[in-house]
Structures are given as structure tokens and as C-alpha cells.
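Have a look at the structure below, then the notes.
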Amino acid sequence: MKNLKIAIQKSGRLNEKSVLLLKNCGLDFENYKSSLITTVANFSLEILFLRDDDIPGYVEQGIADLGIVGENVIEETRSQVQYLQRLGFGRCTLKIALPKDSPVDRLEDLNGKSIATSYPNILQNFLNEYKIKADIQEISGSVEIAPGLGLSDAICDIVSTGGTLKSNGLKPFVDVASSEAILIAREGIEENPIICELLQRIQSVLRAKETKYVVLNVEKKNLDQITELLHGVKSPTVVPLAEEGWVAVHTVISEDDFWEKINKLKSAGAQGIVVMPIEKIIM
Ligand code: ATP
Ligand code: MG
């Protein structure tokens with residue numbers, strides 16, 4: 001059977017985490033900085049390393065079967081691809097930002113103003129939705145300096161911490177879209193058994209990342225209270241300890257309510273709590 005191809009970013013913000021995700025799925029491949037294509041030794045897959053802007057197009061045209069790319073790029077290129085899985089990394093927000101002393105106060109004040117951006121399509125959709133007529137100035141990079149140079153009244157760009165905005169005398173005004181890395185596939189290929197297998201592996205890695213393995217000791221008389229607090233993969237495993245009247249409880253809890261749960265467990269009499277990372281969870 002012919003190998004499938006997955007396109008990932010060659011270098012940049014998504015490269016490292018895309019490579020790590022595939023390695024955590026048990027895929028064995030070399031990741032030389034110079035190579036544009038590599039074959040996975042233990043799975044029917046080839047990996048293409050590309051500029052992120054090109055990934056949705058390659059997948060749409062079927063040159064690659066799968067891709068990992070930011071939602072912002074998929075939406076901007078308006079590519080016809082399927083979203084297979086949100087991947088939980090590369091999170092960022094596309095925002096409109098204004099010079100600190102801008103007179104713009106409400107969204108309607110953007111009427112007649114010019115906005116510099118590398119995301120003209122996403123911005124245009126947003127402006128249409130709010131019936132705002134502004135002049136979009138498309139530039140490919142260093143968007144933050146446009147107002148300072150007198151090119152535009154505002155910008156629309158990706159912001160994660162806001163540090164770049166601040167150092168260019170800008171302030172965030174409104175969120176246009178949020179984004180994270182997505183596993184995409186070309187239309188009509190989702191039934192392919194290799195894709196199903198890869199997707200299952202990816203999902204088990206993501207599930208494991210969201211959860212921790214917890215072991216704790218508790219006096220038997222407090223066990224009911226502890227098990228009530230723990231809704232693990234199934235019910236917790238309870239093992240007797242050498243010391244009479246004590247047990248060890250093993251379970252899996254979600255990262256989200258981790259601290260809240262740990263504190264409640266301590267109050268309910270849990271001792272010697274050990275928290276461990278999980279590599280994979282197969283359902
Ligand atoms: P390429 O050379 O592949 O075209 P790039 O310079 O266009 O790379 P990067 O800056 O590496 O792109 O960002 C890749 C993706 O990472 C973005 O499209 C976005 O989805 C995501 N991302 C997360 N945080 C940020 C951020 N602070 N700024 C820009 N992109 C971010
Ligand atoms: Mg790019």
C-alpha cells in the first residue's frame with residue numbers, strides 16, 4: 001500500500017510540538033533540519049516539512065493527505081479540508097489593536113479607518129459580520145509598525161502575550177478569532193485505516209496529556225470520602241498497605257481540576273500523594 005503523507009511546519013512555532021506529537025504516537029523517524037521529506041520507519045507514513053502557509057493548500061489538492069497547521073492559516077486560505085482533531089497547542093488570538101492614543105472607542109468607530117493585517121480574509125469576514133466598512137491594508141509581516149509609520153489607523157494581528165503590541169505603542173481593542181493547531185485531512189480520506197490508526201494514537205496521547213496518575217494513602221475509615229472525590233477512568237484501585245487499617249488508592253484525574261481535587265483529597269485525610277504523568281490512555 002502507498003504511504004500516506006502528513007505535512008507539518010518546517011520551522012517556526014508549530015514545528016517542535018508537531019514533531020513531538022508524532023514521536024509520542026510511537027512514530028520512528030529522523031528529523032534532520034535540512035530534509036524536506038522523511039519516511040517513518042515503523043508506520044506507512046511520510047512527513048513533509050513545509051512553510052505553514054502552504055500546508056492547507058497541499059492538503060486540499062491531495063499532495064499531502066494530512067496536515068498540522070494553525071486554524072488561522074486554514075481560515076485565511078479558505079481551504080476545503082476536514083478538521084480531524086484540535087491539538088491543544090499553538091494557541092493564539094487574532095486581535096484588532098490600536099495606537100494607545102487612538103480616538104476609536106466602539107467597534108463602529110472603525111468605519112472609514114484603515115487596518116493593516118496579514119489576515120485580510122478573516123478580518124473582512126469579521127467586519128462584514130458587524131457591518132463595518134474599513135479599508136484593509138494587506139501586508140505580509142511586521143504589521144505592528146504600520147500605525148507608527150502612518151500606513152494605517154489600526155492593525156489586526158496574532159497576539160499571544162501582548163508584549164509586541166506594548167513595545168510598539170499599541171493596545172488590544174477587540175478579539176477577531178482564536179486559533180490552535182489542527183490536524184486536517186483531505187476530503188474523503190477519513191475512512192482510510194491508516195488515518196484511523198494515527199488518529200486513535202493522537203487522541204490517546206492528547207487524553208494522557210490532560211490527565212495525571214495519582215497514588216495516595218488513606219485510612220480505611222476515610223476511604224468512602226476519598227473515592228467519592230475521584231471519578232477516574234473507572235473506579236479507583238484500592239490496595240491494602242502493610243500497616244493495618246490503611247490502603248493505597250490509585251486513580252487517574254484530569255489536569256483541569258487537579259489542584260482543587262488535591263486540596264480536597266488532603267482535607268479528606270489523604271497522605272503521601274504522588275502524582276505522575278501518563279504516556280498514553282487507550283480507550
Ligand atoms: P512559516 O515560515 O512556516 O511560514 P510563520 O512565520 O508564518 O512560519 P510562525 O510564527 O512560526 O509562522 O507561527 C506559526 C503558527 O503558530 C501561527 O500561524 C499561529 O497559528 C501559531 N501561533 C501561536 N502563537 C503565536 C504568536 N504569538 N504569533 C504568531 N503565531 C502564533
Ligand atoms: Mg507562514
Side-chain angles (χ1 to χ4, degrees), residues 1-92 94 117-122 138-143 157-158 160 164 179-206 209 279-280:
M1 198 170 12
K2 218 173 113 250
N3 280 348
L4 290 184
K5 293 191 182 70
I6 183 167
I8 66 172
Q9 194 188 23
K10 177 164 172 52
S11 63
R13 288 188 160 91
L14 301 182
N15 166 269
E16 209 176 298
K17 288 196 171 156
S18 305
V19 168
L20 189 67
L21 176 65
L22 297 179
K23 295 237 167 186
N24 285 341
C25 287
L27 305 188
D28 176 13
F29 59 93
E30 300 292 347
N31 180 29
Y32 300 121
K33 281 279 163 250
S34 57
S35 62
L36 300 178
I37 184 161
T38 187
T39 304
V40 177
N42 57 355
F43 200 80
S44 292
L45 191 69
E46 281 170 63
I47 303 173
L48 309 181
F49 296 93
L50 302 173
R51 288 282 311 271
D52 70 344
D53 316 63
D54 298 331
I55 294 175
Y58 271 56
V59 173
E60 182 177 28
Q61 291 170 49
I63 297 165
D65 306 283
L66 297 165
I68 295 179
V69 67
E71 198 174 4
N72 52 319
V73 179
I74 310 165
E75 295 296 318
E76 183 57 32
T77 54
R78 295 181 168 161
S79 305
Q80 296 299 312
V81 294
Q82 299 180 67
Y83 280 36
L84 284 192
Q85 179 67 49
R86 309 185 81 80
L87 298 173
F89 61 86
R91 288 211 172 96
C92 55
L94 193 63
T117 188
S118 314
Y119 295 93
N121 291 327
I122 298 179
E138 183 177 351
I139 49 176
S140 61
S142 308
V143 173
D157 202 9
I158 285 180
S160 46
T164 317
S179 175
E180 68 183 284
I182 313 271
L183 175 72
I184 54 171
R186 71 179 161 89
E187 301 274 0
I189 199 168
E190 64 279 14
E191 303 279 296
N192 183 301
I194 296 168
I195 292 197
C196 294
E197 163 80 27
L198 184 64
L199 186 59
Q200 193 199 6
R201 290 192 192 193
I202 288 177
Q203 286 168 345
S204 74
V205 171
L206 295 176
K209 229 172 59 186
E279 196 176 289
K280 293 180 184 68

**OP:** Locate the shortest heavy-atom distance separating A64 from A7; write the atom from each residue and the value.
**Re:** CB-CB, 4.0 Å
Original post:
Which heavy atom of F89 sits nearest a heavy atom of L21, and at what distance?
Top reply: CE2-CD2, 4.4 Å
Original post:
Only one of I8, N3, L66 clears side-chain contact (heavy atoms from CB on, under 4.5 Å) with I47; which?
Top reply: I8
Subject >> Gap separating the CD1 atom of I184 from the OH atom of Y83, nearest 0.5 angstrom >> reply: 8.0 Å
Subject >> Distance (rounded to the nearest 0.5 Å) between L36 CG and L50 CG >> reply: 8.0 Å
Subject >> Shortest non-hydrogen contact from T77 toward P56 >> reply: OG1-CB, 3.6 Å
Original post:
Just by modelled atom types, is the G70 backbone N or O under 3.5 Å from a matching donor or acceptor in the S179 side chain?
Top reply: no
Original post:
Is E197 atom CD crowded by more than 12 heavy atoms from other residues, nucleotides or ligands, each under 6.0 Å away?
Top reply: yes
**OP:** Check each of I68, L14, V205 against L87 using the side-chain contact (heavy atoms from CB on, under 4.5 Å) test, and report the only one that passes.
**Re:** I68
Original post:
Roughly how far, to the nearest 0.5 Å, is the CD1 atom of I194 from the CG atom of L199?
Top reply: 13.5 Å
**OP:** Could you note down all residue pairs passing salt bridge (charged side-chain N to carboxylate O under 4.0 Å, His left out) where residues 63-89 supplies at least one of them, sequence neighbours left out?
**Re:** D65-R186, E71-R86, R86-E180
**OP:** Return each pair, listed once, that meets salt bridge (charged side-chain N to carboxylate O under 4.0 Å, His left out) where at least one residue sits in residues 39-53; pairs must be two or more places apart or across chains.
**Re:** R51-D53
Subject >> Expected output: side-chain N42 to main-chain D28 donor-acceptor under 3.5 Å >> reply: yes
Subject >> Reported CG-to-CD1 distance for the pair L48 and I37, which is rounded to 0.5 angstrom >> reply: 4.5 Å
**OP:** Over all heavy atoms of both residues, which pair between V73 and V69 is shortest? Give the atoms and the distance, please.
**Re:** CB-CG2, 3.9 Å
Original post:
Does the pair S11 and F49 meet the rule for a side-chain contact (heavy atoms from CB on, under 4.5 Å), with working shown?
Top reply: CA-CA 8 Å; S11 63; F49 296 93; over 6 Å; no
**OP:** Drop me the distance from L206's CG to K280's NZ, to the nearest 0.5 angstrom.
**Re:** 11.5 Å
Original post:
Does NZ belonging to K17 count more than 12 external heavy atoms closer than 6.0 Å?
Top reply: no
**OP:** Please examine the side chains of N31 and V19, heavy atoms only from C-beta on, and report whether any two atoms are closer than 4.5 Å.
**Re:** yes
**OP:** Applying side-chain contact (heavy atoms from CB on, under 4.5 Å), run through I6 and L22 and close with a yes or a no.
**Re:** CA-CA 10 Å; I6 183 167; L22 297 179; 4.3 Å; yes
**OP:** Enter the distance from L27:CG to L45:CG here, rounded to the nearest 0.5 Å.
**Re:** 6.5 Å
**OP:** Verify the neighbour count for atom CD of E16: are there more than 12 heavy atoms of other residues, nucleotides or ligands below 6.0 Å?
**Re:** no
Original post:
More than 12 foreign heavy atoms under 6.0 Å from CZ of F43: is that the case here?
Top reply: yes
Original post:
So which heavy atom on I189 is nearest to which on Q82, and how close?
Top reply: N-NE2, 4.0 Å
**OP:** Verify, without hydrogens or angle tests, whether K5 (side chain) and G67 (backbone) share a donor-acceptor contact under 3.5 angstrom.
**Re:** no
